[in-house]
Amino acid sequence: MIRIKIKTVPICLAGAVLIMATVGSSCSVKEKQNPILTITPEKSTEEKESEEIVYEGMVSEPQVQTQKNPFLTLNVATYITKIEDTYFIADCYHNQIIFHDNISDPLNQWDVLTDEVHYAHTIATDKVIILIDDTENNRLMAFQKTKEGYVHTQTLENIGLKPHYVQYDEKNKAFMAWSSITGEMYLIKRAAQPGENGIYPLYIENVLKIDELFGVYVRSFTLLDDAVYFVSGHNNQKIIKAVQLEDGFEIIEEYPVPDEISGMVQLMKIGDYFYLTISTDNQENQDYATIIRTDDLKNLSSGKYEKVYNQFGISGGTPYYITNIEGRYYMTHHRTNENIIAFDSDGSTIENVEVIY
């Protein structure tokens, strides 16, 4: 790649004869500007980063996490995922992220990734960095696996208000962190090269906004079919479908929802159906917590959806985020003793329901 830069120098006019003047010379006759092209090499990504990007919140001496989980139960588990051969759970109200190599051992055999969070909700990875939202502290925390173990590498402060959901966008090679009340999406990228200690820094590339969602409590977003779906909050009562632009989001469709399912947690496509976990109605009443599905989001406004919560054999709790781990689905669930629930589904059926923790 080359970069072309325009530089102007004077051209002397002597009758009908044009004489090229050298840079820095002067002419006693009338001058006009004429462009000369100078060619300079395009800087590499690494060179641009070293000159233009400041990596904030780096931990000067990352320490290996060695603490064991002190709890035998989960307290409002919100997210479970598997990264390589390790499972991670956001144990939200215990203010910790825990990890282990299987999901059959007792919870007190799990290790603590961090307990320096206040209501962390989700976990994402680009296969190098693990990024979590530290919701009540309005920040993100990054971790990386070294030969000695997992280390805390960086903290990104002032991420909107209550960052509630973080995912990795494989297509655009960026983490997406959602500020749940300000309608802001933080796009975060990893440096092309690690530092001398092998640690990769992160930096905020951009912040995109949806003005319509400012002041609306939106718990998550879903990347689906080159669009981003934002679930309904109790005080806006509609799912928003948008496309990502360089300077923001363009709303391309809206799906109104009735009062009783407006406090949504997550939208997930399984087979031909949209599954939606519901936390509250429009009055924030958790008695309306349920799971529904529909094959067309346009049907929600007229109440044409199916409640499937009873098919899980549990009741009285609040279903939260669902993740797909190696072809099997895992749902976090609170307000009951059934906190992690596994199941199989092709969209139309729910089978092999199992309470893991």
Side-chain angles (χ1 to χ4, degrees), residues 64-65 67-69 71 73-92 94 96-115 117 120-134 140-153 164-171 173-177 190 200 220-224 265-271 275 277 312 319-334 338-346 350-357:
V64 176
Q65 311 300 302
Q67 180 183 345
K68 284 291 183 182
N69 177 22
F71 303 106
T73 59
L74 298 166
N75 188 1
V76 186
T78 52
Y79 201 83
I80 180 171
T81 190
K82 189 177 184 183
I83 300 171
E84 295 181 333
D85 59 355
T86 304
Y87 292 89
F88 292 80
I89 294 175
D91 190 6
C92 187
H94 276 150
Q96 63 178 4
I97 304 291
I98 58 176
F99 66 96
H100 197 50
D101 62 2
N102 67 72
I103 50 175
S104 57
D105 285 342
L107 287 164
N108 63 352
Q109 294 184 25
W110 287 53
D111 294 290
V112 176
L113 182 71
T114 182
D115 60 359
V117 291
H121 282 83
T122 55
I123 305 153
T125 186
D126 64 353
K127 300 180 181 178
V128 175
I129 300 294
I130 296 172
L131 191 64
I132 66 171
D133 52 47
D134 183 3
L140 305 172
M141 298 177 70
F143 299 82
Q144 189 173 327
K145 189 175 184 180
T146 66
K147 292 181 180 179
E148 292 76 27
Y150 291 102
V151 296
H152 174 209
T153 60
H164 206 294
Y165 199 71
V166 59
Q167 295 287 286
Y168 184 68
D169 178 6
E170 182 66 38
K171 179 180 178 181
K173 305 299 181 186
F175 288 99
M176 303 176 72
R190 171 166 55 93
Y200 283 87
S220 72
F221 60 89
T222 302
L223 301 174
L224 184 63
V265 179
Q266 182 193 25
L267 177 154
M268 188 175 195
K269 189 77 176 291
I270 303 178
Y275 277 70
T277 50
F312 289 84
Y320 222 70
Y321 295 130
I322 299 173
T323 51
N324 187 320
I325 301 175
E326 298 172 347
R328 188 160 164 79
Y329 295 95
Y330 293 78
M331 179 176 67
T332 53
H333 185 255
H334 55 263
E338 298 95 357
N339 301 136
I340 305 290
I341 299 162
F343 64 99
D344 297 319
S345 180
D346 60 0
I350 296 169
E351 301 175 326
N352 304 320
V353 177
E354 177 185 6
V355 176
I356 304 298
Y357 290 111

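Excluded from the calculations below are hydrogen atoms, water molecules and symmetry mates; all remaining heavy atoms, backbone and side chain alike, are included.
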Residue pair Asp169 / Leu223, side-chain heavy-atom distance below 4.5 Å: yes
Rounded to the nearest 0.5 Å, what separation is found between the CD atom of Gln96 and the CG atom of Asn75? 9.5 Å
Heavy-atom pair with the smallest gap, counting every atom of Val64 and Gly149: CG1-CA, 4.0 Å
If you apply the rule side chain to side chain contact (heavy atoms under 4.5 Å, CB included), what do you find for Val353 with Ile341, and how did you get there? CA-CA 7 Å; Val353 177; Ile341 299 162; 3.8 Å; yes
With a 4.5 Å limit on heavy-atom distance, are the side chains of Ile103 and Ile89 in contact? no
For Lys269, the salt bridge (Lys or Arg N to Asp or Glu O under 4.0 Å) test, sequence neighbours excluded, returns none
Check: Tyr329 ring centroid to Tyr275 ring centroid under 6.0 Å: no
So for atom CD, which belongs to Glu351, do other residues, nucleotides or ligands contribute more than 12 heavy atoms lying within a distance under 6.0 Å? yes
Between Tyr321 and Thr277, is there a side-chain heavy-atom distance shorter than 4.5 Å? no
Closest heavy-atom pair and its distance - Ala120, Ala90: O-CB, 3.8 Å
Contact check, side chains of Arg328 and Asn352, non-hydrogen atoms, under 4.5 Å: yes
How long is the straight-line distance from CD1 of Ile130 back to OG1 of Thr81, given to the nearest 0.5 Å? 9.5 Å
Any heavy-atom pair between the side chains of Lys127 and Tyr168 that's under 4.5 Å? no
Is a donor from one side chain sitting under 3.5 angstrom from an acceptor on the other, for Asp111 and Gln65? no
Check whether any side-chain heavy atom of Asp91 sits under 4.5 Å from a side-chain heavy atom of Ile97, and report yes or no. no
To the nearest 0.5 Å, what is the distance between CD1 (Ile132) and OG1 (Thr114)? 5.5 Å
Any donor-acceptor pair under 3.5 Å from Asn69 side chain to Leu107 backbone: yes
Filter on salt bridge (charged side-chain N to carboxylate O under 4.0 Å, His left out), then keep only pairs touching residues 73-83, sequence neighbours left out; what's left? Lys82-Glu326
What's the spacing between Ile123 CD1 and Phe88 CZ if we round to 0.5 Å? 7.5 Å
What are the two closest non-hydrogen atoms of Asn102 and Tyr357, and how far apart are they? O-OH, 4.2 Å
Quick one: closest heavy-atom pair of His334 and Ala77, and the distance? ND1-O, 4.1 Å
Pairwise distance NZ(Lys173) to CG(Asp126) - rounded to 0.5 angstrom: 9.0 Å
For the pair Thr222 (side chain) and Leu267 (backbone), establish whether a donor and an acceptor sit closer than 3.5 Å, ignoring hydrogens and angles. yes
From CA spacing to verdict: ring pair (Phe, Tyr, Trp, His ring centres under 6.0 Å), Phe143, Phe99: CA-CA 13 Å; Phe143 299 82; Phe99 66 96; 9.4 Å; no
Return yes if some donor-acceptor pair links the side-chain N/O of Glu338 with the main-chain N/O of His333 below 3.5 Å, else return no. no
Looking only at heavy atoms, what is the nearest atom pair of His100 and Asp105, with distance? NE2-OD2, 2.8 Å
Mind checking what makes ring pair (Phe, Tyr, Trp, His ring centres under 6.0 Å) contact with Tyr200, not counting sequence neighbours? none
Would you sort out whether Leu140 and Phe175 count as a side chain to side chain contact (heavy atoms under 4.5 Å, CB included), showing the intermediate values? CA-CA 11 Å; Leu140 305 172; Phe175 288 99; over 6 Å; no
Please confirm whether the backbone N or O of Val166 pairs with a side-chain atom of Thr122, one donor and one acceptor, at under 3.5 Å? yes
Using every non-hydrogen atom in the two residues, find where Phe221 and Tyr165 come nearest and quote the distance to one decimal. O-CE2, 3.2 Å
Mind checking the CE-CD1 spacing from Met331 to Ile80? Nearest 0.5 Å is all I need. 12.0 Å
